Amino acid sequence: MAYDYDLIHVTVDDGVAVATIDAPPMNVMTLALYLQLAGFCAEVASDDGVRVVVFRSADPDFFIAHFDVEAILQFPTEGDPVRETTPNPFHGMCEQVRTMPKATIAEIGGRVGGGGSEFASSCDMRFGAIGRTIVTQMEVPLGILPGGTGTQRLPRLVGRGRAMEIILGSVEIDAETAERWGYLNRALPPGDLTAHVEALARRIAGFPAGAIALAKQSVLNAERLPLDEGLAEEAYLFQQTLRDPEAQAAMRRFLELGGQTREAELRVGDLVTDI
């Protein structure tokens, strides 16, 4: 599949799609950038050649600054607010990132705020750079609230109290704090960030596509189902993976390579990459 966007540079190699956001001067999420991100997410979600999607920025200081405030000022205000019964387009984009049958990773090498943070927090994993990454939700001082999934996503990531500090206080959270609070998977030295993300992305992309998709689906079920229902669904999805010829071949190869021997099991993390 060919990806053609002027604000997002996309490369695909060995099952890993890397989308580099490049919207000078600081990656503000204008309507143009939003539409291209939404378009890319819709395209890559259905690309069978991609198993992992990495989002990064061409700007070392900003991942995505925030949504365009000038655009927000043009949003309609006539009449009473309407409670929608379906996700709005921005929510839809974030949900596509969260639920697509591929691993999604945000490589946050600089500042991320507002709608950019809401987009990043919809990814499966987030990695940041010590001394560089700053997370903020700056909506409340502007008289609004994080309306692009932030009030729902952040409490699930960092807990209610910390989400309140981020949202109501509009404070800047550094990489170490974001890692400790659960927003970032890891805070890494800046020089190690890209290499770590690329290694993880390629590792995941080397595994069976069906297992990636169904394992992700099962993890997401934990956010919406009671434990007994989640376990029942997990058992059902496990049965699905067993019926995948790629899974049968992978398990046999694991045993051929020495799986279930003491020597091999002591290096099982490396062994599985040889399958």
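None of the values given here were measured: they were computed from a predicted structure.
Within the 4.5 Å cutoff, no side-chain heavy atoms of Ser122 are placed close to those of Gln96. For the pair Ile275 and Leu257, the minimum side-chain heavy-atom distance is below 4.5 Å. At least one side-chain heavy atom of Met125 sits less than 4.5 Å from a side-chain heavy atom of Leu200. Residues Ser170 and Val140 form no side-chain contact, since every pair of their non-hydrogen atoms from C-beta on lies 4.5 Å or further apart. For the pair Val69 and Leu142, the minimum side-chain heavy-atom distance is below 4.5 Å. In this structure the side chain of Asp174 reaches within 4.5 angstrom of the side chain of Ile134, judged on heavy atoms. Residues Tyr3 and Ile8 have side chains not in contact (no heavy-atom distance under 4.5 Å, counting atoms from C-beta outward). In this structure, the side chains of Arg224 and Leu220 stay at 4.5 Å or more apart for every pair of heavy atoms.
Enclosure of atom CZ in Arg202 by more than 12 non-hydrogen atoms of other residues, nucleotides or ligands within 6.0 angstrom is indicated. Counted within 6.0 Å of CD on Glu70, heavy atoms from surrounding residues, nucleotides or ligands total 12 or fewer; the atom is thus considered open. Within a 6.0 Å radius of CG in Asp228, more than 12 heavy atoms belonging to other residues, nucleotides or ligands are found. Counted within 6.0 Å of CD on Glu223, heavy atoms from surrounding residues, nucleotides or ligands total more than 12; the atom is thus considered enclosed.
Counting only N and O atoms by type, the side chains of Thr194 and Glu107 include a donor and acceptor under 3.5 Å apart. In the model, Asp244 has no side-chain atom that pairs as donor or acceptor with a side-chain atom of Thr241 under 3.5 Å. There is a side-chain donor-acceptor pair under 3.5 Å between Asp6 and Gln36.
Under a hydrophobic clustering in which Ile, Leu, Val, Met, Phe, Trp and Tyr are joined whenever their side-chain heavy atoms come within less than 4.5 Å, directly or via other members, Val97 and Val135 fall into the same cluster. In the hydrophobic clustering of this structure, Phe67 groups with Leu33; members are Ile, Leu, Val, Met, Phe, Trp, Tyr whose side-chain heavy atoms approach within less than 4.5 Å, directly or through other members. Leu35 and Met93 fall within a single hydrophobic cluster, where Ile, Leu, Val, Met, Phe, Trp and Tyr are joined by side-chain heavy atoms under 4.5 Å apart, directly or via other members. The cluster map of Ile, Leu, Val, Met, Phe, Trp and Tyr, joined by side-chain heavy atoms under 4.5 Å apart, puts Ile72 and Met138 in the same cluster. No continuous path of hydrophobic side-chain contacts links Leu37 to Val16 [ILVMFWY only; heavy atoms under 4.5 Å].
Judged purely by atom type and a 3.5 angstrom limit, His91 uses its side chain to pair as donor or acceptor with the backbone of Gly147. Without hydrogens or angle criteria, Ser121 side chain to Ser117 main chain gives a donor-acceptor distance under 3.5 Å. Under a 3.5 Å cut-off, the side chain of Glu118 and the backbone N or O of Gly150 do form a donor-acceptor pair. Under the 3.5 Å distance criterion, the side-chain polar atoms of Lys102 are matched with a main-chain donor or acceptor of Val50. Counting only distance, with no hydrogens or angles, the side chain of Thr273 and the backbone of Asp270 share a donor-acceptor pair below 3.5 Å. For the pair Arg243 (side chain) and Gln239 (backbone), a donor-acceptor distance under 3.5 Å is present. Checking side-chain atoms of Glu179 against main-chain N and O of Ala187 turns up a donor-acceptor pair under 3.5 Å. A donor-acceptor contact shorter than 3.5 Å is absent between the side chain of Lys216 and the backbone of Thr104. Here the side chain of Arg267 pairs no donor or acceptor atom with the backbone of Glu263 at under 3.5 angstrom. No side-chain donor-acceptor contact under 3.5 Å links Asp68 to the backbone of Met29.
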Should Arg186 and Glu176 be marked as a salt bridge (charged side-chain N to carboxylate O under 4.0 Å, His left out) after you check the CA-CA gap, both sets of side-chain angles, and the distance that decides it?
CA-CA 8 Å; Arg186 299 176 191 242; Glu176 294 96 330; over 6 Å; no
Side chain to side chain contact (heavy atoms under 4.5 Å, CB included) between Val171 and Thr136: does it pass, once the steps are laid out?
CA-CA 6 Å; Val171 295; Thr136 183; over 6 Å; no
Would Asp61 and Arg132 satisfy salt bridge (charged side-chain N to carboxylate O under 4.0 Å, His left out), going step by step from the backbone distance to the final call?
CA-CA 7 Å; Asp61 294 325; Arg132 305 278 313 167; 2.7 Å; yes
Please test Val18 against Glu198 for side chain to side chain contact (heavy atoms under 4.5 Å, CB included), starting from the C-alpha separation and ending with a verdict.
CA-CA 9 Å; Val18 177; Glu198 289 186 350; 5.7 Å; no
Please determine whether side chain to side chain contact (heavy atoms under 4.5 Å, CB included) holds for the pair Asn27 and Phe63, giving the CA-CA distance in whole Å, both sets of side-chain angles, and the decisive distance to 0.1 Å.
CA-CA 7 Å; Asn27 287 357; Phe63 178 72; over 6 Å; no
With side chain to side chain contact (heavy atoms under 4.5 Å, CB included) as the criterion, how do Gln248 and Arg252 come out once you've worked through the C-alpha distance, each side chain's angles and the decisive distance to 0.1 Å?
CA-CA 6 Å; Gln248 295 291 324; Arg252 290 191 177 93; 3.5 Å; yes
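Ring geometry, Tyr5 versus Phe40: the interplanar angle exceeds 60°, so the pair is classed perpendicular (tilted spans 30 to 60°).
Note that CD of Glu233 and OG of Ser218 are 7.5 Å apart. Values are rounded to the nearest 0.5 Å. Atom CD of Glu139 is separated from atom CG of Leu168 by 11.5 Å, given to the nearest 0.5 angstrom. Atom CG in Leu73 sits 8.5 Å away from atom CD1 in Ile144 (nearest 0.5 Å). Distance check, rounded to the nearest 0.5 Å: CG of Leu214 to CD of Gln240 gives 5.0 Å. The structure places OG1 of Thr149 at 8.0 Å from CG of Leu154, a figure rounded to the nearest 0.5 Å. Taking CG of Asn221 as the start and CG of Leu225 as the end, the distance is 5.0 Å to the nearest 0.5 Å.
Taking the ring centroids of Phe119 and Phe55, they lie under the 6.0 Å cut-off.
A cation-pi arrangement is found for Arg126 relative to Tyr183, the charged atom lying closer than 6.0 Å to the ring centre and inside a 45° cone about the ring normal.
Contact record, Ile173 with Ala178: CG2-N, 3.6 Å, taken as the closest heavy-atom pair. Residues Ile212 and Ala103 approach most closely at CG2-N, 4.2 Å, considering heavy atoms. When every heavy atom of Arg153 is checked against every heavy atom of Cys94, the shortest pair comes out as NH2-CB, 4.1 Å. In terms of heavy-atom proximity, Gly269 sits nearest to Val272 at O-CG2, 3.4 Å. For the pair Ala163 and Val158, the tightest heavy-atom approach, listed with the atom from each and the gap, is N-CG2, 3.6 Å. The shortest heavy-atom contact between Pro190 and Ala129 is CA-CB, 3.9 Å.
The existence of a salt bridge linking Asp22 and Arg56 is excluded, since no basic side-chain nitrogen approaches an acidic carboxylate oxygen closer than 4.0 Å. Ionic pairing of Arg162 and Glu165 is not present here: no N-O contact between side-chain nitrogen and carboxylate oxygen is shorter than 4.0 angstrom. For the pair Glu256 and Arg253, the salt-bridge criterion is met [side-chain N within less than 4.0 Å of a carboxylate O].
Of the candidates Ile64, Leu193, Leu184, Val197, Leu184 is the only one forming a side-chain contact (heavy atoms from CB on, under 4.5 Å) with Ile108.
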